[in-house]
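By convention in this document, chain letters (A, B, ...) are assigned in the order of the sequence lines, proteins followed by strands, and residues within each chain are numbered from 1. What's counted below: heavy atoms across the whole structure, side chains too, no hydrogens, waters or symmetry copies.
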Amino acid sequence: MDLVTNHHEEDGWDVLAVTGEIDLATAPQFEREVSEYIREGCRLCLDLSGVSFMDSTGLRVLIGALKGVEENDGSLRVVAGDGPVAKLLTITGLDERLDLYPSVAAATGS
Amino acid sequence: MADRFTLEVPGRPEHLATIRIFASTLARRFGFDEDTVADLKLAISEAGTIALLGDDESAVRVDARSVERGLDFEIATGTAAHAGDDVGGLDLIRALFEGAAPGPSGSSIVIPLRRPAGS
């Protein structure tokens, strides 16, 4: 299944909504698109609630994004939903490292 | 006598999804619930990724064998069966399926799928 991303701005946040499956085949695209919004002082919200499958290749992109955002004094917020992404974050303990929100509205404060 | 099922796909990342569909279809056919199927898809994808990163030239082969209370999946990984890192690989597979381990030859990963006793 292809990975589809959609970007919009909301209350000063770059919101990148992702749907589809993230694995070794699609992680490079995910990484490329996320990196477009990492810059000085960025405020990036990744909406992964529409991701139907993600394995550790997607986690590595999230870890890289977190590092990139921190190095640029920015903020990264993640909407994981209640499906496979949330479960994977919990199993691996990454839910403790990422700033998770239940919805885009909650993440952007809109 | 055990039933055997085999899938072999070209060793390219775009076929990981095919491997997941194969494994999840079999698991459903054998009566496993959707939570278990979701865990299996993740474990199979991790094993397939190990295979692809270890040797991206070869085909990826998945064998499944019916056993008394479920299925044994075996994914050929070449020499990289022990591969893992901070967030994925064999450690993640074991977190999902406690009995998962490198196969006898050391060049595969075996993922046992079992129904609880009495179910």
Give, as side chain, backbone, both or neither, the part of A38(B) having an atom under 4.5 angstrom from any heavy atom of chain A.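 Neither part.
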If I measure from the heavy atoms of chain A, does L42(B) come under 4.5 Å with its side chain, its backbone, both, or neither?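 Both parts, backbone and side chain.
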Would a single hydrophobic cluster contain both [Y] and [X], if residues Ile, Leu, Val, Met, Phe, Trp and Tyr are joined by side-chain heavy-atom contacts under 4.5 Å?
X	Y	answer
I109(B)	F22(B)	yes
V85(A)	L100(A)	yes
L66(A)	L46(A)	yes
L90(B)	V110(B)	no

Answer yes or no: does atom CD of E68(B) have more than 12 heavy-atom neighbours from other residues, nucleotides or ligands under 6.0 Å?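 At most 12 heavy atoms, drawn from other residues, nucleotides or ligands, come within 6.0 Å of this atom.
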Atom CG of residue position D82(A) - does it have more than 12 heavy atoms of other residues, nucleotides or ligands inside 6.0 Å?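 Result for CG/D82(A): open.
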May I ask you to say whether K87(A) pairs ionically with D39(B), meaning some side-chain N is under 4.0 Å from a carboxylate O?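 Yes, this pair counts.
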Where is the tightest heavy-atom contact between S56(A) and G89(B), given as atom of each residue plus distance?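 Where S56(A) meets G89(B) most closely, the heavy atoms are OG-N, 4.3 Å.
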Got a second to check how far [X]'s [atom1] is from [Y]'s [atom2], nearest 0.5 Å?
X	Y	atom1	atom2	value
I91(A)	L96(B)	CD1	CG	4.5 Å
R20(B)	F53(A)	CZ	CZ	4.0 Å
T26(A)	E14(B)	OG1	CD	11.0 Å

For a side-chain contact (heavy atoms from CB on, under 4.5 Å) with E46(B), tell me which candidate from T57(A), D55(A), D23(A) qualifies.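 Testing E46(B) for a side-chain contact (heavy atoms from CB on, under 4.5 Å) against T57(A), D55(A), D23(A) leaves exactly one candidate, D55(A).
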